[in-house]
Each structure stands twice: as structure tokens, then as C-alpha cells.
Number of protein chains: 2
Amino acid sequence: MGTKQRLPDRKSKITVREVARRANVSESTVSRIMRNKGLVAEATREKVMETVRAMGYVPNRIAGSLASLDSFLIGVVIPSLSNIVFPEVLQGVHAGLEGSDLQPVISTTDYDIDREEVVVRGILAWKPAAILLAGFEHTEATRKMLDQSAIRVVEMMDIDSTPIDIAVGMSHHRAGHAIGRHLIARGYRHFGYVGHDWTADRRVRLRYDGLCEALAESGLSIESKAMTDGASSVAEGRAQTARLRAQAPQIDVAVYSNDDMAVGGVFHCLSEGIRLPDEFAVFGFNGLDIGKELPQPLSTVRSNRYLIGKKSIEEVLASPERPPNPTIIDTDFEVFAGATA
Amino acid sequence: MGTKQRLPDRKSKITVREVARRANVSESTVSRIMRNKGLVAEATREKVMETVRAMGYVPNRIAGSLASLDSFLIGVVIPSLSNIVFPEVLQGVHAGLEGSDLQPVISTTDYDIDREEVVVRGILAWKPAAILLAGFEHTEATRKMLDQSAIRVVEMMDIDSTPIDIAVGMSHHRAGHAIGRHLIARGYRHFGYVGHDWTADRRVRLRYDGLCEALAESGLSIESKAMTDGASSVAEGRAQTARLRAQAPQIDVAVYSNDDMAVGGVFHCLSEGIRLPDEFAVFGFNGLDIGKELPQPLSTVRSNRYLIGKKSIEEVLASPERPPNPTIIDTDFEVFAGATA
DNA sequence: CTGTTAGCGCATTCAT
DNA sequence: ATGAATGCGCTAACAG
């Protein structure tokens with residue numbers, strides 16, 4: 001650390017003014033240099049950058065943002081961090097933001113649209129460049145705020161409704177339907193369903209409905225259901241699978257509300273020595289990594305959570321102005337046959 | 001939505017000034033009301049709040065923050081979002097922030113301290129109230145920035161070094177040692193190690209070193225290792241387990257770099273019909289949910305990621321001033337016997 | 001290529 | 001209990 005300059009004392013916040021004084025230039029010159037904007041003589045730039053480094057100056061974005069009236073924040077509102085799919089969306093968001101000098105501000109709602117309202121208000125107060133939410137269910141007040149904000153609004157995960165501005169995701173209804181057709185084609189006739197609470201997450205219900213429709217088209221139906229009131233988990237998947245098999249032994253395939261639940265089903269079978277998929281078949285949803293590595297790869301539908309996050313950002317960066325008509329971006333899904341169904 | 005007032009047009013940003021005009025009060029009165037600070041007549045408050053609602057006014061925090069010179073942001077810098085432990089830390093952070101009207105700004109480093117430097121600079125520019133990072137490894141420039149910022153700095157996960165300001169986490173060295181003693185006590189004598197890249201994550205190495213020391217104290221050692229250069233995953237856990245067993249059949253217990261790898265080991269055994277723990281034993285690290293639900297619960301060490309996030313926030317909220325001496329908060333760990341070792 | 005002048009939207013004195 | 005004035009730190013015209 002060559003030059004033994006006197007360190008700035010801890011409390012004195014260093015501003016453009018101090019830097020400008022020390023470097024014998026004006027504040028705007030320093031500002032221009034810090035933002036690589038406008039013409040500056042190479043000599044001045046070097047001189048200023050040196051004092052910037054020496055003083056450890058970091059421009060205050062709060063002030064910068066206020067002065068320039070543009071934002072460097074992206075609001076992200078997700079239901080939860082405990083369901084692995086949302087961190088995956090966040091990964092995509094981070095990837096999309098790479099190199100853009102925007103920072104994500106993240107909040108969670110616990111699947112509660114009233115909390116979402118509070119959280120959205122809090123985020124909009126930061127005047128973000130755009131806001132990303134999960135799903136289409138919002139309070140009236142939330143809708144009003146989002147609309148008035150006039151910034152780009154992305155509703156992620158789901159494309160089965162009309163978005164406020166942009167929707168990025170897949171059709172869960174079609175996915176459910178595809179699952180039904182796939183399993184019928186494989187010869188299954190006695191369907192069970194193992195699920196978790198779907199009041200908080202509309203997408204779970206959409207998949208279920210799509211599945212039922214596909215079955216109905218072939219004159220079939222869900223013969224038995226085992227559901228928990230709570231959140232999805234491997235433990236609940238195990239427990240509900242046990243219940244389903246006890247209450248409806250004729251079932252030859254169970255469709256699960258998601259992979260967590262389905263992995264629980266697989267574990268139950270492993271523990272009880274039930275042969276998959278001959279004796280009982282398991283079908284999940286999401287395409288989580290864990291499913292791929294089971295002794296037998298889990299049969300499931302792969303959604304593209306990472307892609308959803310990434311595309312969402314790409315879209316808002318591509319056109320910062322809200323167009324007159326809503327945009328829908330389908331990130332699609334893929335039925336993965338696997339070995340458990 | 002009762003009162004059919006004319007909606008503000010989308011573009012006109014509503015500021016205190018407009019609200020004040022419409023409500024026939026001064027800007028300061030509006031400001032006071034919005035912040036519930038200072039005395040205001042109940043009548044005025046109601047009158048103003050009504051126009052606030054009608055106009056859909058949301059105070060601009062950027063401006064507020066600049067004017068009051070205090071921050072409402074917390075910076076959080078983590079290595080990645082793909083390793084489930086970090087979202088868990090974030091959950092704790094969110095929980096700790098509950099009710100505090102602070103917002104987290106999150107960035108990831110991909111385990112690269114040069115990227116960390118960039119990211120920290122970006123976050124400090126927002127003048128956050130505090131910043132949370134993972135680990136003790138930072139570039140000199142990062143250290144300098146953190147020091148100069150004079151805000152509270154929390155180094156999370158690890159407490160095996162001296163922190164800049166606060167460290168919240170557990171001793172990974174002690175954990176490794178505890179694993180060794182536990183397994184020796186259970187009668188194991190032929191140790192193997194299955195691991196992943198530890199250059200990027202010092203904590204993996206600390207556990208390994210602790211383990212080796214415990215073994216050495218009993219005249220034992222790691223007889224064989226199977227390691228991948230890449231990140232940890234269930235798939236790599238499977239693959240490396242196969243390798244270990246092929247190259248050193250005498251091994252009776254393998255310690256894994258973490259639960260992801262260990263679950264891979266368990267899956268390998270399930271597929272190959274290897275009896276756990278008699279024929280081969282598996283010991284992980286982290287205490288992930290998935291491990292608990294395996295047909296046989298995974299033997300592991302439980303760390304408290306959620307608690308780490310939560311305590312970190314609690315600590316910085318409790319004392320916003322940086323004390324003269326570093327603080328260390330031990331969130332501890334717990335050896336969980338499980339059924340695979 | 002560089003400096004000067006005005007705000008950005010709000011919170012904080014201090015008056016009244 | 002309310003209002004007027006000042007400035008937070010920076011950027012954006014505009015001069016020169």
C-alpha cells in the first residue's frame with residue numbers, strides 16, 4: 001500500500017466537494033469522471049482518480065439517484081425463501097442484472113397478499129426502475145399502486161391470467177393437463193393425488209385442475225386424495241403417501257403437488273419396499289435437482305425458474321417504457337419421464 | 001372504491017408539494033404526518049391522510065434518506081444463491097428485519113473475493129445502515145472500504161478468525177473435530193473423506209482440518225479421499241462415493257464435505273444395495289431438511305443458518321455504533337447421530 | 001474540456 | 001399546532 005497518506009478520519013463522510021477541493025477541480029468534473037460521462041482530459045481524470053482512491057471516496061447513490069431522477073434499484077417481491085424455487089428465480093434475476101449496475105431490493109410476503117401490499121408500498125418508496133412479483137393475486141390497493149407507479153411490473157411464474165404489464169412464466173394449467181395425458185399414455189388408469197395447501201398458491205390449484213380435465217377427457221378421474229393443510233415438504237409427502245395408500249390401495253399412480261412432496265413419496269416407497277413404478281408410481285412437479293439424483297430419477301415436469309428470473313429482468317431492461325398492451329413471455333415446461341412413473 | 005375522484009395521471013409524480021397544496025397545509029405538516037412525528041391536530045391529520053390516499057401518494061425514500069442523512073437499507077453479500085444454506089441465512093435476515101422498516105439489498109459474489117470487492121463498493125454507495133458478508137476472506141480494498149464506511153460490518157458463518165467488527169456463526173474447526181470424536185466413539189477406525197472444492201470456501205477446509213486433528217489424537221487418519229474440483233452436489237456425492245469405495249474398500253466410514261455430497265453417498269448405497277451404516281457409514285454436514293427425511297435419517301452436524309441471519313440483524317439493530325473491540329457471536333452446532341453412521 | 005447555477009424531494013431547524 | 005427557510009450530496013443544463 002505505497003503512499004502513506006493520512007487516512008480520512010472514520011466519521012467525516014467524504015463528498016464530491018472534498019474530492020474536488022483536494023484535486024483542484026470543480027464538483028462536476030469529479031462527478032463526470034465518476035460516471036464516465038462527458039469529456040474529460042486524460043490528465044485530469046488521472047489526477048482526480050488518484051485522490052479518489054487516496055481518500056477512499058464512494059459516491060452517494062442516494063444523492064445521485066435523487067439528482068438524476070432515475071433509479072438504480074429493482075424491486076423483487078417473492079412469497080418465500082424457504083421454497084427452493086424462489087431462490088432459483090433470484091439467481092436468474094441476479095444473472096440478468098449482471099453488468100447493469102442495478103441492485104435488487106428483495107422482500108417476502110409469506111404467500112399473504114396483505115403483506116404483499118405492505119411490502120410493495122415499501123419498495124415503491126424507493127422508486128425502483130421496475131418491480132417483479134410472483135403471481136397475479138394482489139389486493140386492489142396493490143394494483144392501484146403498481147398502476148400509478150408507471151414503472152414496469154413483472155408478474156412471474158404464471159401466465160394463466162392477464163398481466164398488469166408483463167407476465168413471465170409457464171401455464172400451470174397446461175402443465176397439469178400434460179401430466180394427465182402423459183400418464184394416461186403410459187397406461188395408468190387409477191389416479192391419486194397427494195398435495196399441500198393450495199389456497200396460498202394458485203398455481204398448485206391450476207395444475208390440479210388441468211390434470212382433472214385431462215383425466216375427464218379420457219373418462220377418468222382422481223380416485224383418492226391425500227392432502228395436508230400446511231406447506232409442502234418431504235416429510236408431508238411421506239406422511240400423505242402413507243395415508244393415500246392406506247385409504248385407496250387400488251391407486252397405481254399418484255400425482256404430487258410438487259417435487260418436495262413427491263420425493264417424500266419416493267422415500268416412503270424406499271422405506272416400505274414398495275417397487276417403483278410397478279407397484280405404485282410417483283409423479284412430481286418442478287424438476288428439482290434432488291429428484292434427478294434419486295436412486296431412480298423422479299418423473300416430473302421441469303419448469304425453468306432460473307429462466308423466469310432472467311427473462312423478467314431482460315424484458316424490463318430491454319424496454320423501460322410500459323407499452324399499451326400487456327406482454328406475456330412463456331418460459332415453457334417439459335415433461336420428464338424419469339423412472340418413478 | 002367509494003369516492004370517484006379523478007385519478008392522477010400516470011406520469012405526474014406526486015410529491016409532498018402537491019399533497020400539501022391540495023390539502024391546504026404546508027409541506028412540513030404533510031411530512032410530519034407521514035412519519036408520525038411531531039404534533040399534529042387530529043383534524044388536519046385526517047384531512048391530509050384523505051388526500052394522501054386519494055392521490056396515492058408514496059413518500060420518496062431516496063429523498064427522505066438524503067435529507068435525514070440516515071439509511072433504511074441493509075446490505076447483504078453472500079457467495080451464492082444456489083447453495084441452499086444462503087437462502088436460509090436470508091430467511092433469518094428477513095425475520096430479523098421484520099417490523100424495522102429497513103430493506104435488504106442483496107448481492108452475490110460467486111465465491112470470488114474480487115467480485116466481492118465490486119459488489120461491496122456498489123452496496124456501500126447506497127449508504128446502508130449496516131452490511132452483512134459471508135466469511136473472513138476479503139481483498140485489501142474491501143477491508144479498507146468496510147473500515148472507512150464506519151458502519152456496522154457483520155462477517156457471517158464462521159468465527160474462526162478475528163472479525164472486522166462482528167462475526168456471527170460457528171467454529172467449523174471445532175465442528176470437524178467433534179465429528180471425528182463422535183465417530184471414533186462409535187467405534188469407527190477406517191476413515192475416508194468425500195469432498196468438493198475447498199479453495200473457494202475456507203469453512204470446508206476448516207472442518208477437514210478439525211477432523212484430521214481429532215483422528216490424529218487417537219492415532220488415526222484419513223485413509224483415503226475422493227474429491228471433485230467442482231461445487232458440491234448430490235450427483236458428485238454419488239460419483240465420488242463410488243470412487244472412494246473402489247479405491248479403498250477397507251473404509252468403514254466416510255465424512256462428507258456437506259449434506260449434499262452425503263445425500264449423494266446415501267443414494268449410491270441405496271442403488272448398490274450397500275447396507276448403511278454396517279457395511280459403510282456416511283456422515284454429512286449442515287443438517288439440511290432433506291437429510292432428515294431419507295429412509296434412514298442422515299448422520300450430520302446441524303448448523304443454524306437461519307439463526308445466523310437473524311442474530312446478525314439483531315446485533316446491528318441493537319447497537320448501531322461500532323464498538324472499539326470486535327464482537328463474536330457463536331450460534332453453535334449440534335452433532336446429530338442419525339442412522340447412517 | 002471545465003466551471004457555475006439550479007434544483008431533485010424531503011426532513012429539520014427555527015419561528016410564529 | 002403549523003409554516004418558512006435551509007441544505008442533504010449529487011447531476012444537469014448551460015456557459016465559457
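Proteins come first, then strands; the chains are lettered A, B, ... in the order of their sequence lines, and each starts at number 1. Every heavy atom of this structure was used, including side-chain atoms; hydrogens, water molecules and symmetry mates were not.
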Does NZ or CZ of A:Arg61 come closer than 6.0 Å to the centre of the six-membered ring of A:Phe72, within 45° of the ring's axis? yes
Quiz question: by atom type and distance under 3.5 Å, do the side chains of B:Glu315 and B:Thr327 form a donor-acceptor pair? no
Nearest to side-chain heavy atoms of A:Thr29, which nucleotide of C:dT2, C:dT12, C:dC8: C:dT2
Result for 5'-nearest mapping on DNA chain D, choosing between B:Ala63 and A:Lys37, is B:Ala63
Can you give me the dot-bracket string for DNA chain C, 5' to 3', counting Watson-Crick and G-U wobble pairs with both distances under 3.5 Å, using [ ] for crossing pairs and | for partners on another strand? ||||.|||||||||||
Set of residues satisfying side-chain contact (heavy atoms from CB on, under 4.5 Å) with respect to A:Thr139, sequence neighbours excluded: A:Ile113, A:Asp114, A:Glu117, A:Ala141, A:Thr142
Within the 3.5 Å criterion, strictly below it, is a donor on A:Arg305 or A:Thr331 matched to an acceptor on the partner's side chain? no
Criterion side-chain hydrogen bond (donor to acceptor under 3.5 Å, both in side chains) against B:Thr15, the qualifying member of B:Arg17, B:Lys13, B:Glu18: B:Glu18
Residues two or more places apart in sequence or in another chain: which of them pass side-chain hydrogen bond (donor to acceptor under 3.5 Å, both in side chains) with A:Glu314? A:Lys310
Could you pull out the protein-nucleic contacts involving nucleotides 14-16 of chain C (nitrogen or oxygen on both sides, under 3.5 Å)?
none

DNA chain D: first to last nucleotide in contact with chain A (atom under 4.0 angstrom from a heavy atom), 5' to 3', is D:dG9 to D:dA12
Tell me every residue that passes side-chain hydrogen bond (donor to acceptor under 3.5 Å, both in side chains) with B:Arg202, counting only those two or more places apart in sequence or in another chain. B:Asp158, B:Ser161
